[in-house]
Engineer: 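Mind having a look at this structure? Questions to follow.
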Amino acid sequence: MDEKYFPAKIERKWQERWAERGTFEVAPDDEKRKFYCLEMLPYPSGRLHMGHVRNYSIGDALSWYKRLQGFNVLHPIGWDSFGQPAEQAAIKQGVNPRDWTEDNIEQMKAQLKTLGIGYDWSREMAAHRPDYYKFDQWFFLKMLEKGLAYRKDSEVNWCPKCETTLSNEQASGGICWRCGSPVEKQNRPQWFLKITDYADELLADMSEIEDGWPERVLTMQKNWIGKSKGANVRFALSGSENTQIEVFTTRIDTIFGVNAIVLAPDHPIVEEHFESFESGVREKIVEIRAGQAKPVDYGEEVEKAGVATGLSAVNSFSSEEVPVWVGNYVLMSYGTGAVMSVPAHDERDGEFARKYDLDIRHVVMPVDEEAEGDVFTGYGKLENSGEWSGLDSKEAILSMTTHAETEGFGESAETYRLRDWGISRQRFWGAPIPIVYCASCGAVPVSISELPVELPESAPFTGVGESPLAKVSDFVNTECPKCGEAAKRETDTMDTFVDSTWYYYRYLDPQNGDAPFDKEAAEYWMPVDLYIGGIDHAVMHLLYTRFWTKMMRDIGLVSFSEPVNRLLTQGMVVGESFYSKDAESYVFADDVEIERDDAGKIVNARMKDGGGEVRIAVEKMGKSKLNGVDPDDMIEVYGADAVRLFVMFAAPVENELVWQESGIEGAVRFLQRVWRFVHKWRSSIASAPREVPNDLSKEAVALRRKAHQTAAKITESFESGQFNTPVASLMELSNALGDFKVETENASEGDRFAVSEAVRFLIIMLAPYSPHTAEELWEAVTNSETGIVESGGRFPVFDEEVAEESEIEIAVQVNGKLRSKVMAPAGADNQTLENLARADGKIADHTNGKEVIKVIVVPNRLVNIVVKG
RNA sequence: GCGGACGUGGCGGAAUUGGUAGACGCGCGGGCCUCAGAAGCCCGUGAUGGCGACAUCGUGGAGGUUCAAAUCCUCUCGUCCGCACCA
C-alpha cells in the first residue's frame, strides 16, 4: 500500500485482477440466493455520458451490497446497437453501420472498464449481431403462429426528417420523439403486434408489482392503456334496411339528449355514401381529412369543424331521428369512430353544437345545484328521458344498457386508448422481418430453421425514400418457402424497441443457438430484482417488456407474468451553465469569476477578462451550453472511485443531480482521509486481536458502538433504496475514527480491536461506492490478494447490544417547547425520566409556581411537561 | 383543461414516519502548520437580539387537529412532470 492515494494506479490494478479472477462472472447455484441487478442497456453512441455513469454506479452499488451479503449476483450489460444513428453515420460519412457500431462498442466498453463497473462480461449481448436478432425473428414467427402478429394496411406516422415510420408513442403529440419534427401521415402495409390482447392483464397485474414500482410509472401506464367502460349503441341509418351506426359512449344515461351522430371523416359509412353526398359536403369532408392528417403542435387547440352529411339515423331509445354529421374531433382510431353528440352533457359536443347552432337539450339535472354553465358533465338525475326519467345517472346507465342488450341494439363495452404495436420500419439497421411475399402464396413466413434472415453486408445509403434493403437485390430476391417460386423478401426491419424488450433474458443464456434462452436459466435468475433506468422509458419500453413476458409465458418459455420486481427511475444529470449577456452566448466556467456574500451566496458573476455580466443556470448538459462533463476527464483527474462516490452521494437517485466540481473534490478528500487513516493503522490492524478483549476503554466502546450503528443504518438504507445517506454515514464513521485520539504506538489491545473492527466495517461498506479503493485497503489490512468477496469479506452484521447507547440524551419540553436536555440511562422507565426532567434546574425555572397538568414521556426520546398559569 | 409529484439554511440534501429541524457534504468565515503557496488539521456557520448564559422566530403562505406538526387535515401560492378532442 502506497502512503499516498493514487487512484489511477489502484484502479488499473484491481480492474486487471477482477478480470483475471472472473470476480463478477456467475453461474446458477442452487446453494445461493440469486439477485438479478439490471441497468437499461445503452445505445453505443461511442461516448459514455454522466447519465450512464450514474445509472451504472447505482446498479453496481447494489450489486456489491448483495454480493457482500452472499447473494449470487447477476449483473450484465449489453448494447442496444440497432437504430438510426448508425444509419445516419452511413448516410453522412459513408461508413459501414456495422463497423461504426462495433467501433463504438469497443470504445464504450473500454470506458465502462475504466469506471470499474462489475459486469459479467461473458454474458454481453448486442442487438445488431445475428446470433441475437435471430431470436427477434424467432419471436416474430412464434407470435405470427399465435395470431399475435398481423399485417394491416394502415395509416402510419411518418417523420420526414428521419424518413421512417413511428409508433403512436414515438409520434406522441404530433412530433417525432427523436428529432422533434412534425409528423405526417402515410398509408402503407405494416406489421403489428397485438399488445391490445393483453391490455386488461397489463392493468390487472400492476397489483403484483405496485410495491416495487414508482407509482407514477404505473399511473402513466394506466393512462396510456386508457381503459374506459361504457356501452356500444347502434343507431339505424334512415332509409337503409340494415345499415347501423355504432357509437361508443360512457354516458348512455344522456342518450335522450342526442342531437346528432358525428362520424370520423374516414368512417366506413362516410366512405360508402361519399359519392351520394352533395359536392359541398364532399369538399368539406376532404378538408377535414386533410386537417386531421396534419400534426398538431403541443398545446394548440384545434377549432371544431364539421358538416351535415344529409344522412340521418334513429335513436333507438327515443325513436327520434337525428342528423348524421362528420366532425374533425372524432377519431376513427378510438372506440367505433362514431359518437352520439350530447351537447348539454359533453364539453366537446357542446362546443360543436354552439358553433353550428344545433339543438341543446338537457336530460340530466345536477343533484347539487353547484353546476354552472350550459354544459353539465357530472352525474345527476335524469329528466326528459322517457321511462328512465327520475333515475340517478348510475342506475340509469345500468338499466339502459340492459335495455339495449335485451332489445338487441347495444351492449356494455370496454374501449382502450392503447393501440397495437406497429413494428415495421423503413430502415436498414434493424432486424429484418422474416417474411417472403409470393405472387401466388401471399405473405409467407420464413421457416424457423432458416433463421436468421441476415442483413446484407451493406446497402446503398442515400437517406431518402424506401428502406435501403429494397435496393439490395441479393437480399430481396428469394424463393417462396412454400411453393419455391421466385418471391421477394419483406424489406422493412423491426422497431428497435423489439430488441430492447427481451434483451435481459438473453443475458441468462447468451450462447444458446436453438432458443432465445434456456427455460431453466430463467427459472433461476428471473424475475429481475432491481431494474434501474430513466423515467423516459416509463411507458414504451416498460410496457412493451411487460407485454413480452406475458407473451413468452403463453408460448411456454417462462412461468411468471411480470419480469421486474422493483424499478428505480433515476433523475437526470445536469450541469451549471454560464451565459454571457454581452457576448450573447454560453461561456466556459473557467472564464467566469463568481462573487459571494458572507454567507456564501452568489451575488454576482462576471467574465474574468472584460467583467461582463454572466447569468448562471442549471440545465441539461449539452455541447451548445458548454456545460457537458466528460466522464473520462473526471476519472483522469479524480479517479473513478471518487466520481462514483460523488454521483451516489450528491442527490437521491430519483432526483436531478447537479454536477459540481467542488462536490467531487469533497469526495476525493474523504477517500484520502480514509486512506491516510488506514495507512497509519495498517500494521496495528493486521495484528489486532480476533476476539473482543475484556478491557475496552470508554473510547473504544464508543468507537465500536459507532461502527455497529453505522452498519445498521447503512443496511437499512440499502434495503429501502436510499443510496445517498449511506455515504453520509460512512463519513460519520470516518470522522469518528479521526477523532479516536490514540497514537498507534500507545494503542492497547482493546484500542486495536476497536479500530480494526471499525476500519474493516468501513472498508467493506465503502466497496459498493468505491470498489477499487476498498479492495486495495482490504488487501492492506488482511494481506489477502484475492479481493474482498473471494477472501470471504462480508457486509457487517451489526450487533444490537454493541450498537445500543448506554446513555441517551432526553429532550425536555415545557408546553411543547424545548427547554433543556438531560442524560438518562438507555431504557429508563417513564417515572425515572420524569423525575430526571423535573429535577433539572432550567425546567424548574419554567415550571415553578405553575400547575402541572400533564406529563408526557416518550421512552428514550423526550419528556414534555404541560403546565398552566 | 385533466391527472400526479414536490416546496426544509447560500447550495445539494438529512430527519428513526407525529417526538431535540438542519445529519453529511459543498460553500463561506476564523485559526494552526508553512519562507510562501497548495495540501492537511482545528474551530465556527438557519435568522434576529445579547459580551454572555440565553431569548424570540424559523421547514412556500394562511388556518386547523394534537401535550407535541417539516411530517396529518383544509384552503392558497409556486415549481416540475405526464396526458390532452379518448366520446
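Every chain is numbered from 1, with letters handed out A, B, ... down the list of sequences.
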Engineer: Nearest of A87(B), C67(B), A84(B) to any side-chain atom of Thr250(A)?
Structural biologist: A87(B)

Engineer: Distance check needed: C11(B) C1' versus Ile594(A) CD1, whole Å only.
Structural biologist: 12 Å

Engineer: Of the nucleotides G13(B), G82(B), C67(B), which one has an atom closest to the side chain of Ala651(A)?
Structural biologist: G13(B)

Engineer: Measuring to OP1 and OP2 of G3(B), would you say a side-chain N or O of Arg216(A) lies under 4.0 angstrom away?
Structural biologist: no

Engineer: Using OP1 and OP2 only, check whether a side-chain N or O of Arg676(A) sits under 4.0 Å from C41(B).
Structural biologist: yes

Engineer: Name the closest nucleotide to the Asn735(A) side chain, picking from A87(B), C83(B), G25(B).
Structural biologist: G25(B)

Engineer: I want to verify a distance call: between C67(B), C85(B), G12(B), whose nearest atom is closest to the Val866(A) side chain?
Structural biologist: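 Ranking C67(B), C85(B), G12(B) by closest atom to the Val866(A) side chain puts C67(B) first.
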
Engineer: Whole angstroms only, please: what is the CD1-P distance between Ile616(A) and C11(B)?
Structural biologist: 13 Å

Engineer: Out of G25(B), G13(B), G27(B), which has the shortest distance to the side chain of Ser662(A)?
Structural biologist: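 Of the options given, the side chain of Ser662(A) lies nearest G27(B).
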
Engineer: Output the rounded distance in Å from CD (Glu732(A)) to C1' (G22(B)).
Structural biologist: 13 Å

Engineer: Counting side-chain heavy atoms from CB outward, which of A68(B), C83(B), C85(B) is closest to Arg417(A)?
Structural biologist: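 Closest nucleotide to the Arg417(A) side chain: C83(B).
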
Engineer: Would you state whether a donor and an acceptor, one from the side chain of Arg861(A) and one from the base of U16(B), lie under 3.5 Å apart?
Structural biologist: yes

Engineer: For a quick check of understanding: with a heavy-atom distance under 4.0 Å over all strands, which category does Val342(A) fall into, base, sugar-phosphate or nothing?
Structural biologist: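 It contacts nothing in the nucleic acid.
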
Engineer: Take the protein atom CD of Glu656(A) and the nucleotide atom P of G7(B), then report the distance between them rounded to whole Å.
Structural biologist: 15 Å

Engineer: Given that Tyr329(A) and Ser729(A) both sit by RNA chain B, which one's nearest nucleotide is further toward the 5' end?
Structural biologist: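 The residue mapped nearer the 5' terminus is Ser729(A).
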
Engineer: Can you check side-chain contact (heavy atoms from CB on, under 4.5 Å) on Val643(A) and Val53(A), steps first, answer last?
Structural biologist: CA-CA 9 Å; Val643(A) 170; Val53(A) 173; 4.0 Å; yes

Engineer: Which nucleotide in the set A87(B), A23(B), G25(B) lies at the smallest distance from any side-chain heavy atom of Arg673(A)?
Structural biologist: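 The nucleotide sitting nearest to the side chain is G25(B).
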
Engineer: Would you mind telling me which of A87(B), U20(B), C57(B) lies closest to the side-chain atoms of Lys817(A)?
Structural biologist: C57(B)

Engineer: Find the distance Phe649(A):CZ to G25(B):C1' and express it as a whole number of Å.
Structural biologist: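 After rounding, the reported distance stands at 4 Å.
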
Engineer: Classify the side-chain pair Tyr5(A)/Thr773(A) by whether it contains a donor and acceptor separated by less than 3.5 Å.
Structural biologist: yes

Engineer: With distance as the sole criterion, do the side chain of Lys304(A) and the base of C85(B) form a donor-acceptor contact below 3.5 Å?
Structural biologist: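 Under the 3.5 Å cut-off, the side chain and the base do form a donor-acceptor pair.
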
Engineer: Are OP1 or OP2 of A68(B) and a side-chain N or O of Asn815(A) less than 4.0 angstrom apart?
Structural biologist: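 Asn815(A) to A68(B) OP1/OP2: no side-chain N or O under 4.0 Å.
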
Engineer: Side chain of Gln813(A), base of U20(B): donor and acceptor closer than 3.5 Å?
Structural biologist: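 Answer no: no donor N or O sits under 3.5 Å from an acceptor.
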
Engineer: Quick one: which of A55(B), U20(B), C81(B) gets closest to the side chain of Arg819(A)?
Structural biologist: A55(B)

Engineer: Could you tell me the separation between the CZ atom of Arg596(A) and the P atom of C28(B), rounded to a whole number of Å?
Structural biologist: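 Nearest whole value for this atom pair: 5 Å.
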
Engineer: Consider the side chain of Leu862(A), meaning its heavy atoms from C-beta on, and name the nucleotide among U20(B), G12(B), C24(B) that approaches it most closely.
Structural biologist: U20(B)

Engineer: Output the rounded distance in Å from CD (Glu215(A)) to P (C81(B)).
Structural biologist: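 Atom-to-atom, Glu215(A) to C81(B), this comes out as 19 Å.
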
Engineer: Does the distance from a Lys or Arg side-chain N to an Asp or Glu carboxylate O, for Glu351(A) and Lys355(A), drop under 4.0 Å?
Structural biologist: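 No salt bridge links Glu351(A) with Lys355(A).
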
Engineer: Determine whether the side chains of Tyr329(A) and Glu303(A) contain a donor N or O and an acceptor N or O closer than 3.5 Å.
Structural biologist: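 No donor-acceptor contact under 3.5 Å links the two side chains.
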
Engineer: Strictly below 4.0 Å: does Asn724(A) bring a side-chain N or O up to OP1 or OP2 of G25(B)?
Structural biologist: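 It does not, given that no N or O in the side chain of Asn724(A) lies less than 4.0 Å from OP1 or OP2 of G25(B).
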
Engineer: Which class fits the ring pair His345(A) and Phe376(A): parallel under 30°, tilted 30 to 60°, perpendicular over 60°?
Structural biologist: perpendicular

Engineer: Ring centroid separation for Tyr334(A) and Tyr416(A), is it under 6.0 angstrom?
Structural biologist: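 No - the distance between ring centres of Tyr334(A) and Tyr416(A) does not fall below the 6.0 Å cut-off.
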
Engineer: Does a salt bridge link Arg251(A) with Asp346(A), judged by any charged N lying under 4.0 Å from a carboxylate O?
Structural biologist: no

Engineer: Would you mind reading off the distance between Gln722(A) atom CD and C24(B) atom C1', rounded to a whole angstrom?
Structural biologist: 13 Å

Engineer: Ignoring backbone atoms, test whether Lys854(A) places a side-chain nitrogen or oxygen under 4.0 Å from the OP1 or OP2 oxygen of C67(B).
Structural biologist: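 Yes.
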
Engineer: When you match Asn223(A) and Ile810(A) each to their closest nucleotide on RNA chain B, which lands nearer the 5' end?
Structural biologist: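 Whichever sits nearer the 5' end wins; that is Asn223(A).
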
